[in-house]
*Asks:* 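I have a structure I would like to understand better, so I am pasting it below and will then ask my questions one at a time.
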Amino acid sequence: MNRTVTIAPVRKSIRVNAHQAHAFEVFTSGLGRWWPRTHTIGKPPMQTAVLEPRLGGRWYELSEDGSQADVGKVLVWEPPQRFVISWDLNSKWKPDTTVSSEVEVRFIAQGTDATLVELEHRKFERLGAEAGASMRKDVDGGWPRLLEHFKDEAEASRRSTQASGRAGQR
């Protein structure tokens, strides 16, 4: 008898003091502004993380030596409400499109200057029972810190945009 393994998704959320479109832009087009350089899958030091903001766009790391390492691709693109990307990494943190999990991020407006960001990382069973459980454990511990980095950048860039806007009104 062949038993299907199901591994629970990782769900995280964070409230950001920024409007929905700004939060979406910072998370996607602005990924390189907040993704930690230490969270890399490539061998050379990472210069930046890139998410091409469109359906079918690539999510990749650009290294200091100019090389690129693919992390995933954009599967659903619905700005500024949500997007879904593949996570094309195996449990050893190496690129592998045969075991892709998925990350969905939703941006829910809460008034004019706040957004609830809900992240769901799912389909770990595609990696197999043991490898999927290992990846789930790793990302369950990692996403909260990454979301804090995102929140810090979204709120800081919102403040600087507001300040420059006020300066221009004088």
Side-chain angles (χ1 to χ4, degrees), residues 7 9-14 16-18 21-80 82-107 115 117-124 126-128 130-161:
I7 300 172
V10 167
R11 291 185 177 99
K12 305 293 178 189
S13 64
I14 194 164
V16 180
N17 293 319
H22 181 76
F24 187 92
E25 185 277 327
V26 170
F27 203 109
T28 58
S29 301
L31 182 67
R33 299 193 319 244
W34 62 270
W35 191 270
R37 304 295 177 264
T38 55
H39 286 56
T40 181
I41 60 168
K43 294 223 184 285
M46 181 179 18
Q47 179 182 344
T48 191
V50 178
L51 180 65
E52 297 172 339
R54 68 180 190 287
L55 184 62
R58 292 172 53 220
W59 173 17
Y60 65 94
E61 295 177 0
L62 178 61
S63 297
E64 290 176 0
D65 68 0
S67 63
Q68 298 178 7
D70 286 332
V71 179
K73 62 186 171 297
V74 178
L75 305 174
V76 176
W77 188 252
E78 297 173 357
R82 78 181 187 118
F83 68 92
V84 179
I85 48 180
S86 63
W87 177 280
D88 299 338
L89 302 176
N90 62 31
S91 63
K92 306 246 186 277
W93 297 91
K94 301 295 179 208
D96 186 346
T97 58
T98 67
V99 294
S100 302
S101 56
E102 289 181 358
V103 178
E104 179 176 3
V105 185
R106 292 177 299 279
F107 300 80
T115 304
V117 179
E118 296 179 337
L119 180 143
E120 179 177 278
H121 194 153
R122 59 186 178 233
K123 300 191 178 178
F124 298 107
R126 291 178 174 175
L127 285 85
E130 193 174 312
S134 174
M135 176 62 78
R136 186 197 185 285
K137 180 178 182 270
D138 289 347
V139 301
D140 189 42
W143 277 119
R145 289 186 300 280
L146 290 170
L147 289 173
E148 285 293 334
H149 287 290
F150 154 70
K151 176 182 175 159
D152 291 346
E153 175 58 29
E155 291 179 354
S157 60
R158 175 184 164 262
R159 286 190 296 273
S160 67
T161 301

*Asks:* If you look at every heavy atom in Asp70 and Leu89, which pair is closest and at what distance?
*Replies:*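 Minimum heavy-atom contact is O-CD2, 4.3 Å.
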*Asks:* Rounded to the nearest 0.5 Å, how far apart are CZ of Arg145 and NZ of Lys12?
*Replies:*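 Arg145 atom CZ to Lys12 atom NZ measures 10.5 Å (nearest 0.5 Å).
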*Asks:* Supply the atom-to-atom distance Leu119 CG to Leu146 CG, rounded to the nearest 0.5 angstrom.
*Replies:*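 The distance works out to 9.0 Å.
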*Asks:* If you look only at distance, which donor and acceptor atoms sit under 3.5 Å apart when one is on a side chain in residues 31-38 and the other is two or more places apart or in another chain?
*Replies:*
residue : atom : partner : partner atom : Å
Arg33   : NE   : Glu153  : OE2          : 3.1
Trp34   : NE1  : Val26   : O            : 3.0
Trp35   : NE1  : His39   : O            : 3.0
Arg37   : NE   : Gln47   : O            : 2.9
Arg37   : NH1  : Gly32   : O            : 3.2
Arg37   : NH1  : Trp35   : O            : 2.7
Arg37   : NH2  : Gly32   : O            : 2.8

*Asks:* State, yes or no, whether a side-chain contact exists between Glu102 and Val76 at a heavy-atom distance under 4.5 Å.
*Replies:*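 Not in contact.
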*Asks:* Name all residues meeting the side chain to side chain donor-acceptor pair (under 3.5 Å) criterion together with Arg11; count only those two or more places apart in sequence or in a different chain, and write none if there are none.
*Replies:*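 With sequence neighbours excluded, Arg11 shows a side chain to side chain donor-acceptor pair (under 3.5 Å) to Glu120, given in chain and number order.
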*Asks:* Would you call the rings of Trp87 and Trp93 parallel, tilted or perpendicular, taking 30° and 60° as the class edges?
*Replies:*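 The arrangement is perpendicular - the two ring planes meet at more than 60°.
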*Asks:* Is the shortest side-chain heavy-atom distance between Lys94 and Ile41 below 4.5 Å?
*Replies:*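 Not in contact.
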*Asks:* Which atoms form the tightest heavy-atom contact between Leu127 and Ser101, and what is the distance?
*Replies:*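 Taking Leu127 first and Ser101 second, the nearest heavy atoms are CD1-CB, 4.5 Å.
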*Asks:* Would you call Ser100 and Asp88 a side-chain contact if the rule is heavy atoms closer than 4.5 Å?
*Replies:*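 They are in side-chain contact.
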*Asks:* Can you see whether His22 engages Thr115 through a side-chain donor-acceptor pair at a distance of less than 3.5 angstrom?
*Replies:*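 Side chains of His22 and Thr115: no pair found under 3.5 Å.
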*Asks:* Nearest 0.5 Å please: distance from the CD atom of Glu61 over to the OG1 atom of Thr48.
*Replies:*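 The OG1 atom of Thr48 is 9.5 Å from CD of Glu61, to the nearest 0.5 Å.
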*Asks:* I need the Arg158 CZ to Asn17 CG distance, nearest 0.5 Å.
*Replies:*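 Between atom CZ of Arg158 and atom CG of Asn17 there are 6.0 Å.
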*Asks:* To the nearest 0.5 angstrom, please state how far the CZ atom of Arg106 sits from the CD atom of Glu78.
*Replies:*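 Taking CZ in Arg106 and CD in Glu78, the distance rounds to 11.0 Å.
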*Asks:* Does Glu148 have any salt bridge (charged side-chain N to carboxylate O under 4.0 Å, His left out) partners at least two apart in sequence or in another chain, and if so, which?
*Replies:*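 Once residues adjacent in sequence are excluded, Glu148 has no partner under the salt bridge (charged side-chain N to carboxylate O under 4.0 Å, His left out) criterion.
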*Asks:* Are the side chains of Val74 and Arg54 in contact, using a 4.5 Å heavy-atom criterion?
*Replies:*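 Arg54 vs Val74: side chains apart.
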*Asks:* Run the ring-ring contact (aromatic ring centres under 6.0 Å, His included) test against Phe107 and tell me which residues pass, sequence neighbours left out.
*Replies:*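 Phe107 satisfies ring-ring contact (aromatic ring centres under 6.0 Å, His included) with Phe24, Phe27 once adjacent residues are dropped.
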*Asks:* To the nearest 0.5 Å, what is the distance between CG on Leu51 and CH2 on Trp77?
*Replies:*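 Atom-to-atom, Leu51:CG and Trp77:CH2 are 5.5 Å apart.
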*Asks:* For the residue pair Ala154 and Ala18, what are the closest heavy atoms and their distance?
*Replies:*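 Scanning both residues, the minimum pair turns out to be O-CB, 4.3 Å.
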*Asks:* According to side-chain contact (heavy atoms from CB on, under 4.5 Å), who are the partners of Ser63, at least two apart in sequence or on a separate chain?
*Replies:*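 For Ser63 the side-chain contact (heavy atoms from CB on, under 4.5 Å) partners, ignoring immediate neighbours, are Pro44, Asp65, Ser67.
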*Asks:* Could you work out, with salt bridge (charged side-chain N to carboxylate O under 4.0 Å, His left out) as the rule, every residue matching Arg126, not counting sequence neighbours?
*Replies:*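 With sequence neighbours excluded, Arg126 shows a salt bridge (charged side-chain N to carboxylate O under 4.0 Å, His left out) to no residue whatsoever.
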